[in-house]
Amino acid sequence: MLQIKNLQKSYGGHLVIQVPDLVLSEGIHWFKGANGSGKTTFFRTLAGMLPFEGEIQLVEWGIRKQPIDYRLHINYGEAEPDYPEFLTANDLIQFVATAKRASESQVDSLIEMLGIEPFLYQPTGTYSSGMLKKTSLALAFLGSPKVIILDEPLITIDDATVQRVYELVRDYHAKGVTFLLSSHQDFRFNALPIKQLFEVKDKKITEISPSAG
Amino acid sequence: MIPVLNILRKTLVVEYYRLNTGFLFLVLMFAFGILRPEDHIALSAYVFASPFLLGLVFAFFGLYHLKTIFFVRQRLLWDSHDFLFQLVLIPKWQRWLALLYVQAMLWLPVVLYAAFVGYYGWKIGQQNAVIATYSYILLIPFTAVASYEYRLFRPNPDTKLSAFSGYLNRRFTKPYWSYFILYLFKDNPVLLFLTKGFTCFIVLGVCKIYPTDHYDERLLSLGALTIGMVHSVLLLHLYEFEHLQLPLLRNLPLSLRQRSIQYLQLFALLILPETLFLVRYLPKGVSWVYAIQWWGFILGLLWLIFGRFLQRHYVMDTLLRQGFYAFFVGFFLIMFRIPTAILVLTTLLLGIYLFQRFYYQSEYIVHEEGLKIRPES
């Protein structure tokens, strides 16, 4: 599904993460790591949001050779989303939905499922962190992605929404979507069929056994 | 009283000038780099003789005044500046004097410039206009004192949503090209209006200063060059805005062509006021073909500057240095009569090349301290 070769990501000469060879097959993958360990940088790099050295390929689409197809099939939900405060959730959702070629029914369904309707037309500058998180989750599920990356998807949202996120992940997973998730808390993804568990530490990504998690 | 003034000087006055070095440098570069002192005197004679133009200059100074007020009031919203609210504990007249001191310091560039041109205005017999100008210059800082006093006694203002904006949000979805313009209106209105006021004034100035039989188009080209360079600060904001507030843009499946069209729309919209001013004040003898080239030259400069931001992460200091050199290169190319069409093509092609080459390579460099691994709490 996702092949990563010789990936190196640095900021101003400072190496943050390197992945010599990693193949992620279809399924739900959990990435653990301390704050600042490079999880978010790794996720953002996979999402095509940061420059890097190396190669990344999603199914048959290379991130550099087929940048549009690649980005059409990989979505990303921020850990701590922050949007221009004058935009509403509706503005953002419609904008991303158009780019990701999402149907109106999918948009409506995500808005309803994540409970965005009450603040859909309010500027994001008035949102709580939970409302921002719900908006970013909705954006991450838009379109027909093959891979959805969710960085700390369960922080700042209430328990009812957590259950709905589990539900969404299970539904999309059943349709063949691969997930890359991150969370600090060990217990949070127990409700999901995790295929592989990785630890991001010392600028490397290592697979660990679920019992070690 | 002295300790209070010292604190205000360090937290507000020095900070204001430190953060606005770039802006003031660009103004100085245009005001005294291109225009000679005689031109300033000639321009002031023209302005003092026309109530309309004098009103425009008052409006322009007023925008600068708003910029200073906006800066101070924004600082008062910062948690790190909460201690300034202790000012309410000192006697009223001392507080007012302290606030007046702050505003007078921020207002100093306008006072000095007005004193300079006012001296010559007085000498040529425009006493009434000069008195009006000085009265305006001396009285307007008191409105800032009132504004600061109001904020000091009403900290942490609530954000209220109007029913009208609620209606608009329901009725319309904002198009992408409007995001940055809305950001400027919302977060940097004074920078926007001051930049636009300044650049429109440049268009007006270069169209009206030298009304000769054979208009030298190089003057208009120099105006276009200045307008393009002045927009560097806005483009730096665009670069930061997209990287920091809309990082999701780079995850969207849009081709570089689609993205180019979006930027083209945005840039054309950004320079719409200058375009309208040129159409309105185009000097006789200057062809429409040249006017289109003039527009294309500014557009090309915007592409080139934005392309440079994508190519390399700039901070304001580097931007200033590069902008300074670029301005002089452009200045000599224009003075040596390099055809404007060639300048248009060069800047556009180079800008679009940099955009295509570096769009996905561009990243906002964070401070190295932020990269260190933090222990789990």
Side-chain angles (χ1 to χ4, degrees), chain A residues 10-16 33-38 41 44 46-52 63-64 67-78 81-88 90-96 98-101 120-123 125-126 136 139-140 143 149 184 201-203, chain B residues 158-162 165-187 241-259 262 310 313 358-377:
Chain A
S10 306
Y11 286 122
H14 175 101
L15 181 70
V16 177
N35 288 333
S37 60
T41 298
R44 284 181 157 209
L46 293 185
M49 292 156 70
L50 293 175
F52 65 97
I63 191 169
R64 294 202 176 90
I68 301 168
D69 285 323
Y70 181 92
R71 286 169 173 80
L72 188 60
H73 295 101
I74 191 161
N75 290 4
Y76 175 62
E78 297 266 5
D82 182 23
Y83 302 112
E85 58 183 26
F86 50 85
L87 292 181
T88 64
N90 185 56
D91 291 327
L92 287 161
I93 291 170
Q94 295 300 336
F95 175 51
V96 176
T98 307
K100 295 274 182 183
R101 302 173 202 172
L120 186 62
Y121 298 106
Q122 284 177 28
T126 63
S136 88
L139 300 180
I149 304 169
H184 291 108
K201 194 178 176 184
D202 299 331
K203 300 165 188 169
Chain B
D158 283 338
T159 309
K160 287 179 186 165
L161 288 177
S162 72
S165 65
Y167 166 78
L168 290 179
N169 286 337
R170 281 175 187 279
R171 184 75 183 79
F172 303 103
T173 304
K174 297 172 193 75
Y176 166 72
W177 51 260
S178 71
Y179 289 5
F180 180 61
I181 305 288
L182 289 169
Y183 158 79
L184 289 174
F185 272 105
K186 179 83 177 61
D187 288 1
F241 168 70
E242 293 200 340
H243 271 296
L244 299 178
Q245 297 193 43
L246 284 170
L248 61 85
L249 284 178
R250 281 172 171 73
N251 174 249
L252 297 183
L254 301 171
S255 66
L256 286 172
R257 189 171 159 272
Q258 284 173 302
R259 292 180 197 269
Q262 288 176 339
L310 296 175
H313 177 79
F358 293 105
Y359 182 78
Y360 287 120
Q361 291 298 314
S362 165
E363 68 181 319
Y364 196 85
I365 307 292
V366 293
H367 195 270
E368 204 160 291
E369 282 297 308
L371 300 174
K372 289 183 179 165
I373 294 180
R374 294 180 291 279
E376 289 286 75
S377 53

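The chains referred to below are lettered A, B, ... by the order of the sequence lines, with proteins before strands, and numbering in each begins at 1. Worth saying up front: this structure is predicted, and the values here are computed from it rather than measured.
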Participant: Leu248(B) versus Tyr76(A): any side-chain heavy-atom pair under 4.5 Å?
Facilitator: no
Participant: Run through Asn90(A), Thr88(A), Leu120(A) and flag the one making a side-chain contact (heavy atoms from CB on, under 4.5 Å) with Asn169(B).
Facilitator: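 The side-chain contact (heavy atoms from CB on, under 4.5 Å) with Asn169(B) is passed solely by Thr88(A) among Asn90(A), Thr88(A), Leu120(A).
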Participant: Heavy-atom pairs under 4.5 Å with chain A are the metric here; pick the option from Pro247(B), Pro253(B), Pro175(B) that has the most.
Facilitator: Pro253(B)
Participant: Counting heavy-atom pairs under 4.5 Å with chain B, which one of Asn75(A), Asp91(A), Leu92(A) comes out on top?
Facilitator: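 Answer, by heavy-atom pair count under 4.5 Å with chain B: Asp91(A).
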Participant: Taking every heavy-atom pair that is under 4.5 Å apart, which of Glu85(A), Arg101(A), Arg44(A) has the most such pairs with chain B?
Facilitator: Glu85(A)
Participant: Which residue in the set Lys174(B), Glu242(B), Gln245(B) passes side-chain contact (heavy atoms from CB on, under 4.5 Å) when paired with Pro84(A)?
Facilitator: Gln245(B)
Participant: Report the C-alpha separation of Arg64(A) and Tyr360(B) in whole Å, then their side-chain angles, then the decisive distance to 0.1 Å, and conclude whether the side chain to side chain contact (heavy atoms under 4.5 Å, CB included) test is met.
Facilitator: CA-CA 9 Å; Arg64(A) 294 202 176 90; Tyr360(B) 287 120; over 6 Å; no
Participant: I'd like to verify something: which residue of Leu50(A), Ile74(A), Leu87(A), Val96(A) has the highest number of heavy-atom pairs under 4.5 Å with chain B?
Facilitator: Leu87(A)
Participant: Assert yes or no for the condition that the ring centre distance of Phe86(A) to Tyr183(B) is strictly below 6.0 Å.
Facilitator: no
Participant: Any idea which of Ser136(A), Gly143(A), Ala99(A), Pro67(A) has the most non-hydrogen atom pairs under 4.5 angstrom with chain B?
Facilitator: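 The option with the most such pairs is Ala99(A).
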Participant: Quick check on Phe241(B) against chain A: is it the side chain, the backbone, both or neither that has a heavy atom closer than 4.5 Å?
Facilitator: side chain
Participant: Less than 4.5 Å apart, side chain to side chain, heavy atoms only: is that true for Ile68(A) and Leu254(B)?
Facilitator: no
Participant: So do the side chains of Phe95(A) and Leu249(B) get within less than 4.5 Å of each other, counting heavy atoms only?
Facilitator: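 With C-beta onward as the side chain, the pair touches.
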Participant: Using distance alone, with no hydrogens and no angle criterion, decide if Lys100(A) and Asn251(B) have a side-chain donor and acceptor under 3.5 Å apart.
Facilitator: yes
Participant: Any side-chain heavy atom of Arg71(A) within less than 4.5 Å of one from Leu252(B)?
Facilitator: no
